[in-house]
**Student:** 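Shown below is the structure under consideration.
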Amino acid sequence: MSAALWIAFYILLLSYQGSAQFLEQNCGEYKNIHIPFPWLVTVRNPTNSTFICAGTLINERFVLTASSCIKKGINLNVRLGENNINITYEEYGVKNAIVHRSPELNDIALLKLKENVVYKSHIQPICINLNL
């Protein structure tokens with residue numbers, strides 16, 4: 001391949017990567033070295049605070065998790081910003097769970113929170129590229 005074609009290819013590749021549109025504008029940014037993945041959450045039983053499963057904060061109102069975590073009749077909370085060094089987490093109640101219509105084939109669910117998450121240095125949404 002000629003040098004001109006390589007240059008054109010790299011320019012095209014760089015311009016495509018630079019034009020990504022994300023679900024959340026300031027996603028994936030973390031400034032606190034103690035929490036390298038500020039979009040991770042734990043799904044818990046609010047009655048006794050026991051761990052049920054993990055999830056991912058995708059925007060200020062929704063958490064993506066596994067549908068196998070959802071049990072009928074059990075209320076859920078999500079805990080954000082939890083780490084092993086400082087326990088500076090925040091908990092949010094779950095308003096409702098949206099389970100995939102075929103959960104036995106697609107183990108996926110969305111948790112809609114009762115209130116909007118306030119982003120902080122240790123609580124940020126994951127990046128979801130809308131251009132794909």
Side-chain angles (χ1 to χ4, degrees):
M1 188 180 287
S2 72
L5 285 175
W6 276 110
I7 291 171
F9 173 73
Y10 284 120
I11 290 172
L12 180 65
L13 181 64
L14 289 173
S15 67
Y16 177 75
Q17 287 180 343
S19 66
Q21 182 181 3
F22 296 115
L23 182 63
E24 288 283 330
Q25 193 66 24
N26 295 323
C27 64
E29 296 179 5
Y30 57 91
K31 299 161 186 80
N32 186 337
I33 195 161
H34 301 300
I35 303 180
F37 307 108
W39 46 83
L40 291 179
V41 305
T42 57
V43 179
R44 296 180 175 271
N45 181 329
T47 306
N48 55 17
S49 198
T50 56
F51 173 84
I52 295 174
C53 62
T56 303
L57 183 65
I58 60 172
N59 71 13
E60 62 189 9
R61 202 63 184 248
F62 285 94
V63 168
L64 180 68
T65 191
S67 63
S68 57
C69 301
I70 313 303
K71 307 292 183 218
K72 290 193 184 241
I74 296 179
N75 291 327
L76 300 172
N77 276 359
V78 296
R79 188 178 286 182
L80 300 103
E82 186 174 28
N83 64 53
N84 293 332
I85 297 167
N86 295 320
I87 306 299
T88 57
Y89 61 83
E90 295 181 20
E91 287 194 353
Y92 291 83
V94 174
K95 184 175 183 177
N96 62 347
I98 305 160
V99 177
H100 191 278
R101 64 178 172 253
S102 301
E104 61 283 344
L105 298 174
N106 301 289
D107 191 19
I108 192 167
L110 285 173
L111 302 177
K112 184 174 184 180
L113 305 180
K114 290 181 180 177
E115 57 188 290
N116 289 350
V117 171
V118 177
Y119 298 148
K120 299 179 179 176
S121 64
H122 63 293
I123 299 173
Q124 296 288 318
I126 196 165
C127 291
I128 296 177
N129 188 341
L130 298 176
N131 293 342
L132 298 177

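Below, each value reflects all heavy atoms present in this structure, side chains not excepted, and no hydrogens, waters or symmetry copies.
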**Student:** Measure across Glu82 and Arg79 and return the closest heavy-atom pair with its distance rounded to 0.1 Å.
**Tutor:**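 Closest approach of Glu82 to Arg79, heavy atoms only: OE2-NH1, 3.0 Å.
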
**Student:** For Leu76 and Ile52: C-alpha separation, side-chain torsions, deciding distance, then whether side chain to side chain contact (heavy atoms under 4.5 Å, CB included) applies.
**Tutor:** CA-CA 9 Å; Leu76 300 172; Ile52 295 174; 3.4 Å; yes

**Student:** Side chains of Asn75 and Thr47, heavy atoms from C-beta outward: is any pair under 4.5 Å?
**Tutor:**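 Result no, sub-4.5 Å side-chain heavy-atom pair not found.
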
**Student:** Within the 4.5 Å heavy-atom criterion, are Tyr92 and Val117 side-chain neighbours or not?
**Tutor:**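 Side chain of Tyr92 against side chain of Val117, heavy atoms only: contact under 4.5 Å found.
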
**Student:** Could you tell me whether a side-chain N or O of Asp107 sits under 3.5 Å from a main-chain N or O of Ser67, the two making a donor and an acceptor?
**Tutor:**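 Checking the backbone N and O of Ser67 against the side chain of Asp107, a donor-acceptor pair under 3.5 Å is found.
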
**Student:** Any carboxylate oxygen within less than 4.0 angstrom of a Lys/Arg side-chain nitrogen, looking at Glu115 and Arg61?
**Tutor:**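 Salt bridge flag = no for Arg61 with Glu115.
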
**Student:** On a heavy-atom basis, which atom in Asn59 and which in Tyr119 lie closest, and how many Å separate them?
**Tutor:**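 Heavy atoms only, the tightest pair is C-OH, 3.2 Å.
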
**Student:** Could you work out, with side-chain contact (heavy atoms from CB on, under 4.5 Å) as the rule, every residue matching Leu64, not counting sequence neighbours?
**Tutor:**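 Leu64 satisfies side-chain contact (heavy atoms from CB on, under 4.5 Å) with Ile58, Ile108, Leu110 only.
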
**Student:** Run the side chain to side chain contact (heavy atoms under 4.5 Å, CB included) check on Thr50 and Arg44 step by step: do they pass?
**Tutor:** CA-CA 5 Å; Thr50 56; Arg44 296 180 175 271; 5.9 Å; no

**Student:** Please give me the minimum heavy-atom distance between Ile98 and Phe62, naming the atom from each residue.
**Tutor:**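 Looks like CD1-CE2, 4.1 Å.
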
**Student:** Nearest heavy-atom pair of Pro38 and Ser121: which atoms, and what distance?
**Tutor:**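 Of all heavy-atom pairs spanning Pro38 and Ser121, the closest is CB-O, 4.3 Å.
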
**Student:** Is there a donor in the side chain of Glu91 and an acceptor in the side chain of Tyr89, or the other way round, less than 3.5 Å apart?
**Tutor:**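 On atom types as modelled, these side chains do not qualify, holding no pair under 3.5 Å.
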
**Student:** For a 4.5 angstrom cut-off between non-hydrogen side-chain atoms, does Val78 reach Leu111?
**Tutor:**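 Sidechains of Leu111 and Val78: in contact.
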
**Student:** Between Glu60 and Leu113, which heavy-atom pair has the shortest distance, and what is it?
**Tutor:**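 Minimum heavy-atom separation between Glu60 and Leu113: O-CD1, 4.4 Å.
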
**Student:** Can you list the residues that meet the side-chain contact (heavy atoms from CB on, under 4.5 Å) rule with Val41, with sequence neighbours excluded?
**Tutor:**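 Result, side-chain contact (heavy atoms from CB on, under 4.5 Å) vs Val41: Leu57, Val63, Leu80.
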
**Student:** With hydrophobic residues grouped by side-chain heavy-atom distances under 4.5 Å, do Val94 and Val118 end up in a single group?
**Tutor:**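 Linked, Val94 and Val118 end up in one cluster.
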
**Student:** Quick one: CZ on Phe37 to OG1 on Thr56, what's the gap to the nearest 0.5 Å?
**Tutor:**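 Rounded to the nearest 0.5 Å, the CZ-OG1 separation comes to 11.0 Å.
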
